[in-house]
Amino acid sequence: MVELPDKRTAFVDWYLAVVEEANLSDKRYGVKGMNVWTPYGFRARRNLDRILVREIEATGSEPVEFPTLIPATEFAKEKEHIQGFDAQVFWVTKGGLSELDVPLVLRPTSETAIYPVFALWVRSHRDLPLNVYQIVSTFRYETKTTRPFVRVREIHFFEEHTCQLDDDAATARVRSNLGAFRAIAGALGLPYLALRRPEWDKFAGAHYSIAFDAPVGGARTLQLGSVHHYRDNFAKPYGIVYEAPDGTQRHPHQTTFGLSERLLGAVVAVHGDAKGAVFPSSVAPYEVVIVPIPSPDEDGGTARLARTLAERLEHHGRRAFLDGGDERPGAKYYRWELRGVPLRLEVGRREAAAGAVTAVDRLGRKASLPIADLEDGVAARLADFDRALTERAGAAFRASFLPAATLAELAGSDQVRSLGWCGEEACGHAIEQAIDGALLGTPEDPVPWLPGSPPACIACGSTSPVRWAFAAQPM
RNA sequence: GGGACUGUGGGGUAGCUUGGUCCAUCCUUCGGGGUUCGGGACUCCGAGACGCCAGUUCAAAUCUGGCCAGUCCCA
């Protein structure tokens, strides 16, 4: 008997209710920002990880895993980096009963754990490029309000770290990462913008940062991940050096690519609706749920048929769940819609007689699938569902932007705003103050629905090199 | 870093101002029985809570202090 808050007018309440009612995460652990992965949520996470692994390995990256603890001495080597993270690291200062001589940092991200080892691994230009990734827990001492998947203190984190020959090669790796993310977001049906962050908002220690932002209603956006070009900012302090073909000793240029469980939060936030979560089939804990509808006077034939169908789908590699509980069918429909299952198969007396099951997808579209080739029918319905879901998200995406011509328009805006920006920091801060949010940055690639260049900087009116930029209220 | 607020079964709540009528209300949930069964069934029986520690008092969910946990606002 769940009544969800209204997504439009009470987004945060809606989001929290969906995460809880869909049973994706249990936040009652008792440590702020550290939540329990439930079986259902864990399945979604595992499916997401498979996509990340598939896409990053397709671009020539290899899996590694570095330790969780970082000596304070290593952590402090890159000056900007330590300053950027100082306020939000957990420290391990005791071993048993005694104080540690060198305190240990619980990694907030792994540059400082990995790069001392990169210094050992990289000797020659033949060792480059070095592309490795890991999926691990990272820890950040958030003092603000935490939210499941979106802002947590133990983060399920994907991070790629690379060493490249030079600036150009590193830029190429950044482009490769942008392509990998396009594939990942495509698998999730998530539209986004790739924006180069302004100087004051780049990753601590980076030469530049590109982040992926998705509108999630009103002027709110959610950062889905980021790619950073470090140049040799870390290679120098960590002593990563290779010998070039001409015999000179050089520092490689480095890049990183970071994603997290927040992608699951984005899936919930973007695709979810008044009935609850909606999962694209790629990450859905179950792609198909089968609901038997027994008749009072039968001999159990319906249950047997439903079981047979579930087994056939599973043997065919489908994540299928047979809901054989003795609730009424309607109660099951509501629950699995709340939990976001893409496709529901109804199996009863009518279906048995017709030789075809009733399939209803999470967008409410009904079809009849012949039992004889159920596997193909289900595959086709899922593909069609994913397409429709992506389209629905795309329409909402396009409707979430509005150009702004004056700072005054930004106040109280309930859309993400595109605007002209001259690139000056003072103008950037004026924009941020006006929208009470952030200047997300400038598009890395041309945005199809925006003309070549904006007329003037929204803050100072300058018409010399002006670029499109986006301003919003990040969650 | 500064300030405000909140804490009652698994979840959501009533009770708190003015201490006693509270072995704590209602909804949901959970276990069991019966009747049901193509979009959230009904009914009967049962289970389950005052964040922790001290104090005031004849008497504390209610008042006081400390702690813990959480939320919000400001820098």
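Naming convention: chains lettered A, B, ... in sequence-line order (proteins, then strands); numbering from 1 in each chain.
With P as the reference atom, B:C26 and B:G34 are 27 Å apart, rounded to whole Å. Across the C1' atoms, B:A24 and B:U13 are found 13 Å apart, a figure rounded to whole Å. One C1' atom belongs to B:U28, the other to B:A47, and the distance between them is 14 Å to the nearest Å. Atom C1' of B:C22 sits at a distance of 36 Å from the matching atom of B:G3, rounded to the whole Å. Between B:A69 and B:C50, the two C1' atoms lie 16 Å apart (nearest whole Å). Here the separation of B:G70 from B:C58, taken at their P atoms, is 38 Å to the nearest Å. Rounded to whole Å, the P atom of B:U21 lies 32 Å from the corresponding atom of B:C67. Nucleotides B:C16 and B:G7 place their P atoms 13 Å apart, quoted to the nearest Å.
A donor-acceptor pair is defined here as one N or O able to donate and one able to accept, closer than 3.5 Å; such a pair exists between the side chain of A:Arg262 and the backbone of A:Val150.
Toward the 5′ end of RNA chain B lies the nearest nucleotide of A:Pro294, the other residue of the pair A:Tyr334 and A:Pro294 mapping further downstream. Comparing A:Thr146 and A:Lys366 by the nucleotide of RNA chain B whose heavy atom lies nearest to each, the residue mapping closer to the 5' end is A:Lys366.
Using Watson-Crick or G-U wobble geometry with both donor-acceptor distances under 3.5 Å, B:A69 finds its partner in B:U6. Applying the Watson-Crick and G-U wobble criteria (two distances, each under 3.5 Å), B:G1 pairs with B:C74. Searching all strands for a Watson-Crick or G-U wobble partner of B:G48 with both distances below 3.5 Å returns nothing. Of the nucleotides present, none pairs with B:U25 by Watson-Crick or G-U wobble criteria with both distances under 3.5 Å. Here B:U64 sits opposite B:A54 as a Watson-Crick or G-U wobble pair (both hydrogen-bonding atom distances under 3.5 Å). Base pairing analysis places B:U35 opposite B:A41; the two distances defining the Watson-Crick or G-U wobble pair are each below 3.5 Å. Across all strands shown, B:C16 forms no Watson-Crick or G-U wobble pair with both key distances under 3.5 Å.
A:Arg328 has a side-chain polar atom (N or O) that falls below the 4.0 Å cut-off from OP1 or OP2 of B:A41.
When ring centroids are compared, A:Tyr208 and A:Tyr230 stay outside the 6.0 Å threshold. The six-membered or imidazole ring of A:His81 lies near that of A:Phe234, with a centre-to-centre distance under 6.0 Å. Less than 6.0 angstrom separates the ring centroid of A:Phe181 from the ring centroid of A:Tyr192. For A:His156 and A:Phe149, the ring centers sit 6.0 Å or farther from each other.
Here B:C74 presents its C1' atom at 12 Å from NZ of A:Lys144, a figure rounded to the nearest Å. Across the protein-nucleic acid pair, A:Asp323 atom CG and B:G38 atom C1' stand 15 Å apart, rounded to whole Å. Atom C1' of nucleotide B:A69 and atom OH of A:Tyr29 are separated by 14 Å, given to the nearest angstrom. A straight line from CG of A:Asp13 to C1' of B:G12 spans 13 Å, rounded to a whole angstrom. In this structure, A:Asp326 places its CG atom 14 Å from P of B:G38, rounding to the nearest Å. Rounded to a whole Å, the CG atom of A:Leu16 is 11 Å from the C1' atom of B:U71. For A:Leu338 and B:U29, the CG to P distance is 13 Å, given to the nearest whole Å. Distance, A:Glu142 CD to B:G70 P: 14 Å, rounded to whole Å.
Taking only side-chain atoms of A:Pro296, from C-beta outward, the nucleotide of B:C37, B:G40, B:G39 with the closest atom is B:C37.
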Please step through ring-ring contact (aromatic ring centres under 6.0 Å, His included) for the pair A:Phe257 and A:His228, ending with a clear verdict. CA-CA 6 Å; A:Phe257 177 17; A:His228 311 287; 9.5 Å; no

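A donor-acceptor contact under 3.5 Å is formed by the side chain of A:Arg344 with the base of B:G39. If you check distances only, the side chain of A:Glu346 never reaches the base of B:G39 with a donor-acceptor pair under 3.5 Å.
Under the side chain to side chain donor-acceptor pair (under 3.5 Å) rule, A:Glu375 has a single partner from A:Arg312, A:His316, A:Arg318, which is A:Arg312.
In this structure, A:Arg147 reaches the sugar-phosphate backbone alone: every heavy-atom distance under 4.0 Å involves primed, P, OP1 or OP2 atoms, never a base. When heavy atoms are screened at a 4.0 angstrom cut-off, A:Glu351 is found touching base atoms of the nucleic acid. As judged by a 4.0 angstrom heavy-atom cut-off over every strand, A:Lys32 is placed among residues touching the sugar-phosphate backbone only. Residue A:Glu20 is classed as a sugar-phosphate contact, given heavy-atom separations below 4.0 Å to backbone atoms only. At the heavy-atom level, A:Arg349 lies under 4.0 Å from base atoms of the strands shown.
The aromatic ring of A:Tyr333 does not stack onto the base of B:G39, failing the criterion of a centre distance under 5.5 Å from the six-membered base ring together with planes under 30° apart.
Cation-pi geometry between A:Arg344 and A:Tyr333 is met: the NZ or CZ atom falls under 6.0 Å from the ring centre, inside 45° of the normal.
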